[in-house]
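Following: one structure in structure tokens, then a few remarks.
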There are 2 protein chains.
Amino acid sequence: MAKIKAARNTTKNAVICKSAAVLFRKKGFRAASMRELAIALGVEAPSLYNHIGSKSELLRNICFNIANAFTNNIDTVEAASNTAAKKIEQLIRFHIQFMLKSFDEVYVSNHEWKHLEEPYFTEFLNQRKSYESKMVQIIKNGITNKEFRKIHPHVTVLTILSAVRGLEFWQKYKEQINVRALENNIVQHLLKGITK
Amino acid sequence: MAKIKAARNTTKNAVICKSAAVLFRKKGFRAASMRELAIALGVEAPSLYNHIGSKSELLRNICFNIANAFTNNIDTVEAASNTAAKKIEQLIRFHIQFMLKSFDEVYVSNHEWKHLEEPYFTEFLNQRKSYESKMVQIIKNGITNKEFRKIHPHVTVLTILSAVRGLEFWQKYKEQINVRALENNIVQHLLKGITK
DNA sequence: GAGCAAAACTAACGCTTATTAGTTAAACAT
DNA sequence: ATGTTTAACTAATAAGCGTTAGTTTTGCTC
């Protein structure tokens, strides 16, 4: 009769959430079973229900924790008085750092949100749309300021947001790589391009 | 007793594959059921097995059709005598055009490959790794030529490949958008950046 | 119209799934 | 030590899955 181990200041719910994020990332939400999750925690599947409500609640927690973190960040970045380029740079760096710190959760939030149930599915989509809109506004300001060329703001935002997802593929090299150099490379690429 | 309708010069297998791509994109491979696929085709689930081998075979066909198309393209691009920048541009444009033309299939190939069974899983990964290597080599040549700044080739490749995936989000605006302008915007962004 | 192949159907199998109910063991407070 | 709460367990349920077997219908060829 093993028990779920939670460090001080951590609920067992949080321990399960973390383990679920790892599993959902590896197998995908639908392919991951509660039995597998239980094995990862050294326990029988029904025991999990003493600490969580349901499988879909786990996904919901993971997705909205991440979404809220990004929303909070962009509100902070937006409020500060910086150039548009600096703001975009700050957003890019946050994406990279957060991805490296909370890889499993960010990955799951990016890939498995489509399995959220209503009304959470719609809410999640709205939150993302709102994030994009704020970023589009920053780009528009940058064009007005003549910081940026006359680019298509929405296309540019989606290109940047997709580009930073490339970090997913770097997780395995995490240790070998100078994170700051990686970050600088991507920021420079997305702001200044790669040609001389 | 409805029948699966295949146009001349199209096998019923191909019709099922196409329908599967749409379904797998919408729901994800694991969440999509053969019964749903059958409904989409106006037929009972077991009838599908007169034309296909298995569900996983459908995924396999979709993924490798796409992977092979990209592999063939990069081999053509590589062989031509062009600047590195031109080659990268050609690759980016191919990604965009192909994504717009075969949206469902490319999406499924990008998102659902992890549900391939061995040995196809490993084969798919190797094919992708090989694609990346070829692209890395083009970037390296560009740096040697002094076409590009001293960037990290592998990071750059993954950034570009992720960036072009942003097209996924544009599918719904497909009709409203000038594809050529979209393409130019992304190419310019990834080669020359967005700052003045 | 008869014969035949293609392709549909119904019924069912064996398995896995998330989850609930009911019960027992452990951990803690008194 | 006793009573109580927390959290584990076992057993079971209902639903859904991919797929197979066996049968019937359809549509073409002679």
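All heavy atoms count here, side chains included; hydrogens, waters and symmetry mates do not.
Rounding to whole angstrom units, CD1 of residue B/Ile52 and C1' of D/dT19 are separated by 10 Å. Atom CD1 of B/Ile39 and atom P of C/dA8 are 15 Å apart (whole Å). Atom OH in A/Tyr49 sits about 7 Å away from atom P in C/dA18, given to the nearest Å. In this structure, B/Leu48 places its CG atom 14 Å from P of C/dT10, rounding to the nearest Å. Separating the NE2 atom of B/His115 from the P atom of D/dG18 is a distance of 13 Å, rounded to the nearest angstrom. Residue A/Met34 contributes atom CE, which lies 14 Å from atom P of D/dC9 at whole-angstrom precision. In this structure, A/Leu37 places its CG atom 12 Å from P of D/dA8, rounding to the nearest Å. Atom CD in B/Glu117 sits roughly 11 Å away from atom C1' in D/dG18 (whole-Å rounding).
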Step-by-step salt bridge (Lys or Arg N to Asp or Glu O under 4.0 Å) determination, B/Arg25 to B/Glu112: CA-CA 8 Å; B/Arg25 172 185 62 77; B/Glu112 307 294 332; over 6 Å; no
Worked check of salt bridge (Lys or Arg N to Asp or Glu O under 4.0 Å) between B/Arg60 and B/Glu57: CA-CA 5 Å; B/Arg60 196 188 316 152; B/Glu57 185 193 89; 5.1 Å; no
Worked verdict on A/His115 versus A/Arg30 for side-chain contact (heavy atoms from CB on, under 4.5 Å): CA-CA 8 Å; A/His115 298 111; A/Arg30 290 299 285 253; 3.6 Å; yes
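Distance from the side chain of B/Ser54 is smallest to D/dT19 among D/dA8, C/dA8, D/dT19. Here the side chain of A/Arg35 is nearest to one of D/dA12, C/dT20, D/dC17, namely D/dA12. Of the candidates D/dC9, C/dA18, D/dT19, D/dC9 carries the atom nearest the A/Glu44 side chain, counting heavy atoms from C-beta on. Of the candidate nucleotides C/dT19, D/dG18, D/dT19, D/dG18 has the atom nearest to the side chain of B/Ser33. Picking from C/dT19, D/dA7, C/dA7 the nucleotide with the shortest atom distance to the side chain of A/Asn50 gives D/dA7.
Of the side-chain N and O atoms in A/His51, none sit less than 4.0 angstrom from OP1 or OP2 of D/dT6. Applying the 4.0 Å criterion to OP1 and OP2 of C/dT19, one finds that A/Lys55 has every side-chain N and O outside that range.
In terms of position along DNA chain C, the nucleotide closest to A/Ala31 lies nearer the 5' end than the nucleotide closest to the other residue of the pair A/Ala31 and A/Pro46. In terms of position along DNA chain D, the nucleotide closest to A/Ala45 lies nearer the 5' end than the nucleotide closest to the other residue of the pair A/Arg30 and A/Ala45.
Salt-bridge annotation for B/Glu36 and B/Lys27: present, with a side-chain N of the basic residue lying under 4.0 Å from a carboxylate O of the acidic one.
Contact annotation for B/Ser47: base contact, defined as any heavy-atom pair under 4.0 Å involving a base atom. Residue contacts shown for A/Ala38 are absent, as no nucleic acid heavy atom lies under 4.0 Å away.
Side-chain contact, A/Thr122 with A/Glu118: a donor N or O sits under 3.5 Å from an acceptor N or O.
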